[in-house]
Chemist: 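I am attaching a structure below and will ask some questions about it afterwards.
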Amino acid sequence: MKNNMKPSFTWRTVTESRLFFPLLALSLILLFDFIFIPGFFSIENREGNLHGSLIDIFRNGSTVMLLAIGMTLVIATGGVDLSVGAVMAIAASVAGILMNPSALKNEVFFVTDPTYTFQPLWVVIISALLIAILCGLWNGFLVAYMRIQPMVATLILMISGRGIAQLITNGLRVQITYRPYSFIGQGWIILPFSLYIVAMVLAITWFMTRKTAIGMFIESVGTNFRSSFFSGIDEKKIKLLVYTFCGFCAGIAGLVASSNIKTSDANNIGLTTELDAILAVVIGGTSMSGGRFSLVASMVGALVMQAITQSMYAIGVPAFALQAIKAVVVILVIILFSEQVRGFIRGISTSKKGVKS
Amino acid sequence: MKRVGEFFAKNRHFIPLMSTALLALTAYGIGAYLFVGMRNPQVFFNLFRNTSWLLISGIGMTLVILTGGIDLSVSGVVALTTVSSAVLLREGMNPWLVIVLMLLMGMSLGAIMGGFIIKLKVQPFIATLAGMWFARGMCFFISDDAVQIDNYIFHILGKTKILIPGLMELSLSQGKSAPYITIPVVVAFLLLLVMIYVTQYTSFGRTVYAIGGNEGRNEQSARLMCLPVDRTKFLVYTFNGFCSALAGLSFCLFVESGHGLYAPGFELDVIASVVMGGTMLTGGSGYVFGTFFGVLVLAVTQALIQFIGSLSSWWTKIVIGALTLIFIGVQTVLANRKSGRQNAESTVGAAAKRRTQLRLALGFGVLLVVVIAGVSISRSRSAASVDTTASAPCVVEFRKADAENLIQGGAVMAYQRVAGPQCVDELYAIYPDGRITGTDGVNTIEKQVTADEVEEMLVAISVEHAWFTNEIYDTYLTPCRQCFAHYILISYNGQEKGATGTDGTTAMPPGYAFALAEIRPLLPEITFAP
C-alpha cells in the first residue's frame with residue numbers, strides 16, 4: 001500500500017487531480033484553434049503592450065473569472081448565487097451615476113470631457129463596491145439566517161436587481177467618459193490591467209482560504225452543515241461571509257465590465273454571466289452539492305468558457321447562436337463528470353495497474 | 001377566536017394560496033377604484049389574454065417544482081417554438097402539422113433533459129440551463145431576424161374573439177364593446193382543469209407529491225415505497241416540455257411572429273408566479289390551482305403599473321421580486337414550524353427562536369411593503385406635481401414638413417424635440433451664419449453663435465458620427481414618460497437626411513445620440529410656456 005502511494009506522478013494521480021479535466025478541455029479547445037484558426041496564437045507587441053487572441057481570452061474572461069472566484073466559495077458551501085449578473089449591473093449603475101449624474105435630471109446629457117467626473121474615482125469605486133457588498137450581505141442574510149434555499153433567495157435579487165439598477169440610473173444608459181475609470185477595463189500594463197485585478201483578488205482569496213482555516217470551514221459547511229455546526233463552526237457566519245464575498249467579486253466584475261464598454265447599461269451588463277460563472281465552477285470540478293473546491297480549477301474553467309466563445313467568434317459563429325454551442329459543451333462536461341465515465345476512466349487506471357503487477 | 005385558529009390550522013396548506021388570491025383581487029379592486037379605465041370588463045379579461053402562455057407554462061412548472069426540481073429551459077423552448085413555427089409556416093407547411101410538430105419538439109426536448117436528470121444524476125438546474133442555451137442558440141441557427149407569420153389558420157386561432165356570454169348585452173347596453181377572450185385562454189383553462197384533476201385524483205399526481213420535499217429525503221422514501229419515481233420524473237419533465245411548446249404557440253399566436261429573442265427572462269416570471277401561487281420550491285407542497293392566482297397577481301401588477309403610467313416598466317420587476325420574497329418568507333416560516341413540530345423539538349428555546357424568526361420575516365415583509373408603497377407614492381406624487389396631465393401620454397408628432405420648410409429657407413439643420421416630462425414640442429433651426437431660432441409653439445427665441453461652431457458641429461455629425469449612412473435610421477418607439485423624441489434634418493454638402501430617434505436604453509442608434517450631444521450645447525434655452 002505504501003509503495004503505491006509513493007510515486008507522485010502516475011496515471012491515477014493525474015486523472016484524479018482536480019485540474020485534469022479542465023486542463024484537458026482547455027487544451028482540446030486550444031488544439032482546435034491551433035488547427036483551424038490561423039494566427040490564433042500570434043501575440044504582437046504594440047508599444048510595449050501585448051495584444052493577440054490569447055491575451056483577449058484572458059481580458060474578456062476577466063469578468064467571468066472574477067465571478068467564478070466568488071461563486072466557487074458559494075458553491076463550495078452547497079449554495080449558488082444567481083444574482084451576480086444583477087449585482088454587476090447595480091454596481092455599474094452606481095459607478096456610472098456617481099461619475100455622470102445627469103441622468104437623474106431626466107435629461108439625456110452627454111459629457112464628452114474625458115477629465116470630468118462628478119465624484120473622485122476612489123469614492124466611485126468604493127461606493128459601488130459597498131453597494132455590491134450590501135447586495136451580497138442581503139443574499140447571505142436570506143440564505144443563512146432566514147434559511148431560504150440559496151437558489152430561491154438569490155433568484156429574488158436576480159429578478160428585481162435589474163429593476164433596481166434601472167431605478168438608480170433612472171432607466172437611462174449612462175455614458176462614462178472619465179478616462180481614469182476606463183483604465184480599469186481597457187488599460188494595459190504589458191498585460192491587460194483587468195488581469196492584474198483578477199490576479200490580486202485570486203491571490204487574496206487563495207491566501208485566505210488555503211493559509212487560514214476559512215477554506216476548511218467552507219468545505220466542511222458544504223460537506224455537512226449540521227455536523228460542522230456540532231463541531232463548533234458557526235455555519236451561518238461562514239455562509240454570510242461567502243455570499244458577501246461573492247457580492248464583492250460581482251461588484252468588481254461590474255466595474256470592469258462597465259469600464260470596458262464605457263457605459264453603465266443596466267439592461268445588458270452581466271446578462272446571463274451568472275450562468276457562465278456557475279458553469280466555470282462546474283467545469284472546474286467543484287460539485288454543485290458543495291464540499292471540496294479548487295479556485296485555480298475554477299479559473300481554468302472560466303478560461304475554457306471564454307476560449308470557446310473566442311474561438312467560435314473567430315470562426316464566425318454569430319453571438320446568439322453561440323449559446324447552442326455552449327450548451328453542447330455543458331452536456332459534454334456533464335457526461336464527462338458523470339459516474340459512468342468516471343468509472344470507465346478509473347477502470348483504465350486499475351487495469352493498467354493490474355498489468356504492471 | 002379559537003375557532004378561527006382551528007380553521008387556519010386545519011387549512012394551513014391553503015394560506016399562501018388564499019393570500020395570493022386575496023392579494024390579486026385587492027390589487028385589482030384598488031386599481032378599479034383609482035382608475036376608471038380598469039373598470040372596463042375587457043381590461044379584466046385582458047389579464048388572461050396577455051398571460052395565457054404564462055399560465056400554460058406555469059402549470060407545467062408547478063409539476064416540476066412539486067417533484068423538487070426546476071426547469072429553466074422554458075423561455076428558450078418558447079422562443080424556439082415561435083421561430084421554428086414561423087419559419088415552417090413561411091416554407092408553406094400545413095399549420096396543423098406545424099402545431100403537432102412543435103408540441104412533439106417540446107416534449108422531446110423535455111424528455112432529453114429529464115433523461116439527463118434521471119440517468120446521469122445531473123442537477124435539474126444545470127441540465128435545464130443547458131437546455132435553455134441550446135434552444136435559444138438553435139433559434140439563431142434557424143433565423144437571425146424576426147419572422148412574420150402570415151397564415152390564415154394561425155390568424156383564426158390567435159384572433160378569434162370568444163365573447164363572454166353574460167357580459168355581452170351588459171357591455172353593449174353601456175356603449176362599450178363586448179368583452180372577449182381568445183382561444184389560447186380557453187386552452188390554458190382546459191389544461192388547468194385537466195391538471196387539477198390529474199394532480200389531485202390520480203396515482204400519477206400523488207406520486208408527484210410524494211417525490212418532492214424534505215430536501216430529497218422524500219424521494220428516497222418514495223423509492224422505498226416502490227413508487228415509480230424515475231418514470232414519474234421523466235413524465236413530468238416531458239410534460240413541462242409540452243407545456244413550454246404550447247406556451248410558445250400561444251405566444252406565437254398573440255404576436256404573430258417568431259424571433260429568438262422573444263420571452264427573455266420568461267422562466268423567472270413563471271417561477272415567480274408558481275411561488276406566489278403557494279407552491280413550495282423545495283417541492284411536495286402546493287396546488288396547480290394556486291399557480292393560476294400567482295399568474296393573476298403578476299398580470300394585475302403589470303396592468304396597475306401600466307395604468308399608473310408615471311412608473312416605468314422596471315417597477316414590475318421590483319414588485320414581483322418583492323412579492324416573491326414575501327411569499328417565500330411566509331413559506332419558509334410555515335415550513336420551519338411544520339418541521340419543528342415533526343421533530344418534536346418544541347422546547348421553549350426552539351419555540352422562542354421560531355417566534356423570533358416569524359416576527360423577523362413578518363417585520364421584513366411589512367417593511368418592504370411600506371418602503372415600496374412609500375417610494376411609489378412619492379414618485380407618483382412628484383410626477384403628478386410636475387406633470388398636470390399625468391395620465392395621458394404626450395402626443396408625439398414630428399413636423400417634418402415644417403422642418404423641410406426651414407431647410408428650404410436656408411437653414412442647415414432643423415431639430416425638433418417632442419415629449420419629455422413636460423410634453424414639449426420645440427422646433428429649432430440652425431443657419432450657416434450661426435443664427436439659431438427656436439420655438440415651442442408659443443414663444444420664440446433666438447441665439448447667435450459663430451459660423452465656425454456651426455460648421456464644426458455639422459462636420460462632426462456628418463463625418464464623425466456617420467449621419468449620411470444607414471447606421472442612422474428612424475426609431476419608431478413611443479418615448480417613455482421621461483424621454484424625448486427627436487427629429488433631426490440636416491442639409492450638408494448637397495446631401496439631405498432626416499431621422500427620428502427616441503431616448504431610452506436601446507431605442508436610439510448610437511451615432512444619433514452623439515449627434516444630439518453635438519447639437520444640444522448650441523441650442524438656446526426655452527422657458528416652457530405655462
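Everything numeric in this text was worked out from a predicted model, so none of it was measured. Residue numbers start from 1 in every chain, and the chains themselves are labelled A, B, ... in the order their sequence lines are given, proteins ahead of strands.
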Chemist: Counting only non-hydrogen atoms closer than 4.5 Å, does Leu268(B) touch chain A with its backbone (N, CA, C, O), its side chain (CB onward), both, or neither?
Modeler: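 For Leu268(B), the contact with chain A is made by backbone and side chain together.
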Chemist: Given heavy-atom pairs under 4.5 angstrom as the criterion, report whether the side chain, backbone, both or neither of Ile278(A) touches chain B.
Modeler: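 It is the side chain, since no backbone atom gets that close.
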Chemist: For Arg226(A), I'd like to know if atom CZ has over 12 heavy atoms of other residues, nucleotides or ligands within 6.0 Å.
Modeler: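 Not more than 12 within 6.0 Å, no.
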Chemist: In terms of heavy-atom proximity below 4.5 Å to chain A, should Ile271(B) be classed as side chain, backbone, both, or neither?
Modeler: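 Ile271(B) touches chain A through side-chain heavy atoms alone.
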Chemist: Have Ser75(B) and Glu267(B) got a donor and an acceptor in their side chains that come within less than 3.5 Å?
Modeler: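 Yes, side-chain donor-acceptor contact under 3.5 Å.
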Chemist: Between Tyr145(A) and Phe141(A), how do the two ring planes meet: parallel, tilted or perpendicular, split at 30° and 60°?
Modeler: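 Because their plane-to-plane angle is under 30°, the rings of Tyr145(A) and Phe141(A) count as parallel.
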Chemist: Between chain B and each of Ser289(A), Ala165(A), Ser160(A), Ala324(A), count heavy-atom pairs under 4.5 Å; write down the option with the most.
Modeler: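 Most heavy-atom pairs within the cutoff with chain B belong to Ala324(A).
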Chemist: Side chain, backbone, both or neither: which part of Ala135(B) has a heavy atom under 4.5 Å from chain A?
Modeler: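 Looking at Ala135(B), nothing touches chain A.
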Chemist: Just by distance, with hydrogens left out, do Asn267(A) and Gln166(A) show a side-chain donor and acceptor under 3.5 Å apart?
Modeler: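 Note: Asn267(A) and Gln166(A) side chains meet the donor-acceptor criterion.
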Chemist: Given heavy-atom pairs under 4.5 angstrom as the criterion, report whether the side chain, backbone, both or neither of Leu279(A) touches chain B.
Modeler: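 Side chain only.
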Chemist: Examine whether an atom of Leu155(A) lies under 4.5 Å from a heavy atom of chain B, and if so say whether it belongs to the side chain, the backbone or both; otherwise answer neither.
Modeler: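 For Leu155(A), the side chain is the part near chain B, not the backbone.
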Chemist: Say whether Ser73(B) and Asp71(B), considering side chains only, have a donor N or O and an acceptor N or O under 3.5 Å apart.
Modeler: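 Per modelled atom types, Ser73(B) and Asp71(B) side chains form a pair under 3.5 Å.
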Chemist: Would you kindly check if the NZ (Lys) or CZ (Arg) of Lys239(A) is within the cone defined by 45 degrees around the ring axis of Phe225(A) and under 6.0 Å from the six-membered ring centre?
Modeler: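 The answer is yes; both the distance and angle limits are met.
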Chemist: Which bit of Leu261(B) comes within less than 4.5 Å of chain A, counting heavy atoms only: side chain, backbone, both or neither?
Modeler: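 For Leu261(B), the contact with chain A is made by the side chain alone.
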Chemist: Mind running side-chain contact (heavy atoms from CB on, under 4.5 Å) on Trp315(B) and Leu167(A) for me, showing each step along the way?
Modeler: CA-CA 8 Å; Trp315(B) 274 98; Leu167(A) 199 68; 3.5 Å; yes
Chemist: Below 4.5 Å from any heavy atom of chain B, which atoms of Val174(A) appear? Answer side chain, backbone, both or neither.
Modeler: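 For Val174(A), no heavy atom lies under 4.5 Å from chain B.
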